[in-house]
Amino acid sequence: MKKRFNVKTVALSTALLGSAVFLAGCSGDTEEAKTAAAPAAEQNTMDVKQPVPVAAPKAALQPAPAPAPVAEVPAAVEEKVEEVKEVVAAVAAPSGEKAYATCVGCHGAKGEGGVGPRLNNQTVDDVVAKLEKYKAGEQVGPMTGMMAPMAAGLSAEDMKVIAEYVTTL
Ligand code: HEC
């Protein structure tokens, strides 16, 4: 009986002592650990974050020397670029010849006149001025009714381009 009792009290007392020491030790340690660990953790995050944004731009800027090989190309490519530019300009610009094609039937392939008056002996300004009158619905000559619909769809640029073309035929 005595042995059992002794064993229990010893076990209890050691357990209480141990927990008391543990609590005392813990409370002291955690405060120290918190104050000591906080600045260390901040420093670590600073150290980790800094290199990331710095490293990325460096890698992205590195391929910059790419233009170097372009300097070798122009001699061969420049001629073709000019050819393409000419073709594009020809297609994009309003063509007097093409626009005048709808007028040929009445004014002649050379603007010499036919159903309509001769045009190739007139000035650019005269031709444009007359086309503007037809487009505006004004009466120009006795056959204005035949010509007016032809001018109605022409823009100011169309008129200029056609006049410049037909007056030099
Ligand atoms: C269906 C025939 C016909 C077509 C197509 C035609 N015209 Fe005419 N055009 C005439 C006739 C007819 C007159 C004279 C009208 C009048 O009496 O005012 C005329 C007059 C003109 C005049 C005035 C000439 C002058 O000295 O008075 C101009 C400029 C003219 N046409 C330009 C054009 C142009 C540019 C086109 C093509 C976009 C065109 N015409 C298409 C029949 C035509």
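Bear in mind the structure is a predicted one, so any value in this text is a computation, not a measurement. Note that ligands are numbered from 1 as they come in the structure, with each ligand's atoms numbered from 1 the same way.
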Side-chain donor/acceptor of E132 to backbone N/O of K130, under 3.5 Å: no

Look at ligand 1 and say whether G105 reaches it with a heavy atom at a distance under 4.0 Å. no

Is R118 close to ligand 1, meaning an N/O of one under 3.5 Å from an N/O of the other? no

Taking heavy atoms and a distance under 4.0 Å, where does [X] meet ligand 1: side chain, backbone, both or neither?
{"X": "L131", "value": "side chain"}
{"X": "M159", "value": "neither"}
{"X": "M143", "value": "both"}
{"X": "T102", "value": "both"}
{"X": "Q139", "value": "neither"}

Over 12 non-hydrogen atoms of neighbours within 6.0 angstrom of [atom1] in [X]:
{"X": "E164", "atom1": "CD", "answer": "yes"}
{"X": "Q139", "atom1": "CD", "answer": "yes"}
{"X": "K160", "atom1": "NZ", "answer": "no"}

Atom [atom1] in [X], atom [atom2] in [Y]: separation rounded to 0.5 Å?
{"X": "L119", "Y": "Y100", "atom1": "CG", "atom2": "OH", "answer": "5.5 Å"}
{"X": "E97", "Y": "I162", "atom1": "CD", "atom2": "CD1", "answer": "12.0 Å"}
{"X": "L169", "Y": "H107", "atom1": "CG", "atom2": "NE2", "answer": "12.5 Å"}
{"X": "D158", "Y": "K135", "atom1": "CG", "atom2": "NZ", "answer": "8.0 Å"}

Does a salt bridge link K85 with E82, judged by any charged N lying under 4.0 Å from a carboxylate O? yes

Give the residue and atom name of whichever protein heavy atom lies nearest to [atom], and the separation in Å to one decimal.
{"atom": "atom 28 (C) of ligand 1", "value": "L119 CD2, 3.6 Å"}
{"atom": "atom 34 (C) of ligand 1", "value": "C103 SG, 3.3 Å"}
{"atom": "atom 32 (C) of ligand 1", "value": "M147 CE, 3.4 Å"}
{"atom": "atom 21 (C) of ligand 1", "value": "H107 CE1, 3.4 Å"}
{"atom": "atom 43 (C) of ligand 1", "value": "C106 CB, 3.4 Å"}
{"atom": "atom 27 (O) of ligand 1", "value": "K130 CD, 3.6 Å"}
{"atom": "atom 18 (O) of ligand 1", "value": "Y134 OH, 2.5 Å"}

In N121, T123, V127, N120, the residue satisfying side-chain contact (heavy atoms from CB on, under 4.5 Å) with T167 is V127

Nearest heavy-atom approach of K133 to V140 is CB-CG2, 3.8 Å

Can you find a heavy atom in the side chain of C103 that is under 4.5 Å from one in the side chain of M150? no

Using a 4.0 Å cutoff against the non-hydrogen atoms of [X], which atoms of ligand 1 qualify?
{"X": "P142", "answer": "17 (O)"}
{"X": "G141", "answer": "16 (C), 17 (O), 18 (O)"}
{"X": "I162", "answer": "35 (C)"}

Tell me, please, if M150 has any N/O/S atom, main chain or side chain, under 2.8 Å from atom 8 (Fe) of ligand 1? no

Who's closest to atom 14 (C) of ligand 1 heavy-atom-wise, of A148, G116, P117? P117

